[in-house]
Amino acid sequence: AQQGRLREKAYGKQKIYFADQEQLPAASDAELRGLDEEIAALSSKVQAVQQSCRQMEAELKDLNSSMTTPEMAREIEQLRKDCASYTEKLERIKSATNHVTPEEKEKVCSEQKLYCKEWRRRKRMATELLDAILEGYPKSKKQFFEEVGIETDEDHNVTLPTAV
């Protein structure tokens, strides 16, 4: 710094030394343009390489996520087995002689509706009767049910089927 080759700057208690650029030879405009062109060429080359790299990474990701040839062969074989078993099952169903006729199906459905309607009616009647009894009962509903021995649908996780 004393010889003038380095410059010194003080920032509080710290001192920073750096090369004195005024002593370096100044580049001509032609050299600067040449360096700028070189920078531009290298920048475009870097962008091209980065784009190529992104394309290759995308291709690698696609290849890694796709099945290998042995995996594909196993998958095809499994699908063929499934197809054969479903075809066999379909043939058994088609050749069965115990088909349900539409009349029988309608009869069963109407009976189910009738029984569900009756179940709802009886449950409602029982609930109304029990509610009337519980109005004057000093204990809780649960205690009353235990004393009388009443088991509800909810105790057995039974629900009414939805209307068809």
Side-chain angles (χ1 to χ4, degrees), residues 8-18 36-164:
E8 172 185 343
K9 276 196 174 184
Y11 291 102
K13 294 181 180 179
Q14 297 178 346
K15 293 182 179 180
I16 297 177
Y17 295 94
F18 54 93
D36 285 341
E37 290 172 6
E38 187 178 346
I39 288 171
L42 291 173
S43 293
S44 65
K45 191 174 183 180
V46 165
Q47 286 179 347
V49 169
Q50 285 176 336
Q51 178 65 26
S52 173
C53 183
R54 281 193 292 273
Q55 288 175 347
M56 288 181 183
E57 285 174 348
E59 186 178 343
L60 177 63
K61 184 179 175 185
D62 287 345
L63 290 174
N64 284 338
S65 65
S66 64
M67 294 178 133
T68 62
T69 303
E71 289 173 342
M72 188 66 71
R74 283 193 297 272
E75 182 74 17
I76 290 171
E77 187 59 35
Q78 182 62 40
L79 289 173
R80 284 188 178 142
K81 287 178 184 176
D82 290 348
C83 186
S85 68
Y86 290 141
T87 305
E88 182 181 323
K89 186 175 180 181
L90 179 64
E91 290 302 319
R92 280 198 317 266
I93 291 171
K94 282 182 178 179
S95 67
T97 57
N98 59 351
H99 291 295
V100 176
T101 64
E103 295 82 20
E104 291 173 331
K105 180 181 176 186
E106 183 60 38
K107 180 182 173 190
V108 170
C109 288
S110 65
E111 285 178 1
Q112 184 203 19
K113 287 179 187 177
L114 176 69
Y115 294 143
C116 287
K117 182 178 175 184
E118 188 65 22
W119 183 359
R120 283 188 187 87
R121 188 178 69 79
R122 289 182 183 196
K123 183 172 181 171
R124 185 177 59 249
M125 287 176 21
T127 304
E128 289 173 358
L129 181 64
L130 291 172
D131 288 342
I133 292 172
L134 285 170
E135 283 180 13
Y137 192 72
K139 296 180 184 175
S140 72
K141 183 177 182 179
K142 186 176 180 181
Q143 290 173 333
F144 175 70
F145 282 10
E146 285 179 14
E147 287 179 12
V148 178
I150 296 174
E151 295 177 353
T152 63
D153 293 340
E154 290 76 22
D155 291 341
H156 295 282
N157 294 324
V158 176
T159 57
L160 279 165
T162 57
V164 181

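Among residue pairs with one or both ends in residues 122-131, those qualifying as side-chain hydrogen bond (donor to acceptor under 3.5 Å, both in side chains) are E118-R122, K123-D153, K123-E154; sequence neighbours excluded.
Other residues, nucleotides and ligands contribute only 12 or fewer heavy atoms inside 6.0 Å of the CZ atom of R80. Atom CE of M67 is surrounded by more than 12 heavy atoms from other residues, nucleotides or ligands within 6.0 Å. The local environment of CD in E71 is crowded, with over 12 non-hydrogen atoms from other residues, nucleotides or ligands closer than 6.0 Å. Counting heavy-atom neighbours within 6.0 Å of F18 CZ, excluding the residue itself, gives a total above 12.
Separating the CD1 atom in I150 from the NZ atom in K141 is a distance of 9.5 Å, to the nearest 0.5 Å. The OG atom of S95 sits 9.5 Å away from the CG atom of L90 when rounded to the nearest 0.5 Å. A distance of 9.5 Å separates OG1 in T87 from NZ in K94, rounded to the nearest 0.5 Å. Atom CZ in F144 sits 6.0 Å away from atom CG in L130 (nearest 0.5 Å). Put simply, CD on Q55 and CD on E59 are 9.0 Å apart, with the number rounded to the nearest 0.5 Å. In this structure, CD in E91 is found 9.5 Å from CD in E88, a value given to the nearest 0.5 Å.
The main-chain N or O of T152 is found under 3.5 Å from a side-chain atom of D155 such that the two form a donor-acceptor pair. Under the 3.5 Å distance criterion, the side-chain polar atoms of S110 are matched with a main-chain donor or acceptor of E106. A donor-acceptor pair under 3.5 Å links the side-chain atoms of E104 to the main chain of T101, judged by distance alone.
Side-chain contact, Y137 with E147: a donor N or O sits under 3.5 Å from an acceptor N or O.
No side-chain heavy atom of K105 sits under 4.5 Å from any side-chain heavy atom of P102. Counting only heavy atoms from C-beta outward, the side chains of Q51 and Q47 never approach each other to under 4.5 Å.
Under the salt bridge (Lys or Arg N to Asp or Glu O under 4.0 Å) criterion, E8 pairs with K15, not counting sequence neighbours.
The two atoms that bring W119 and T159 nearest to each other are CH2-O, 3.8 Å, heavy atoms only.
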Test side chain to side chain contact (heavy atoms under 4.5 Å, CB included) on E103 and K107 and set out the steps.
CA-CA 6 Å; E103 295 82 20; K107 180 182 173 190; over 6 Å; no

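Using a 4.0 Å cut-off between a side-chain N of Lys or Arg and a carboxylate O of Asp or Glu, K61 and E57 do not qualify as a salt bridge.
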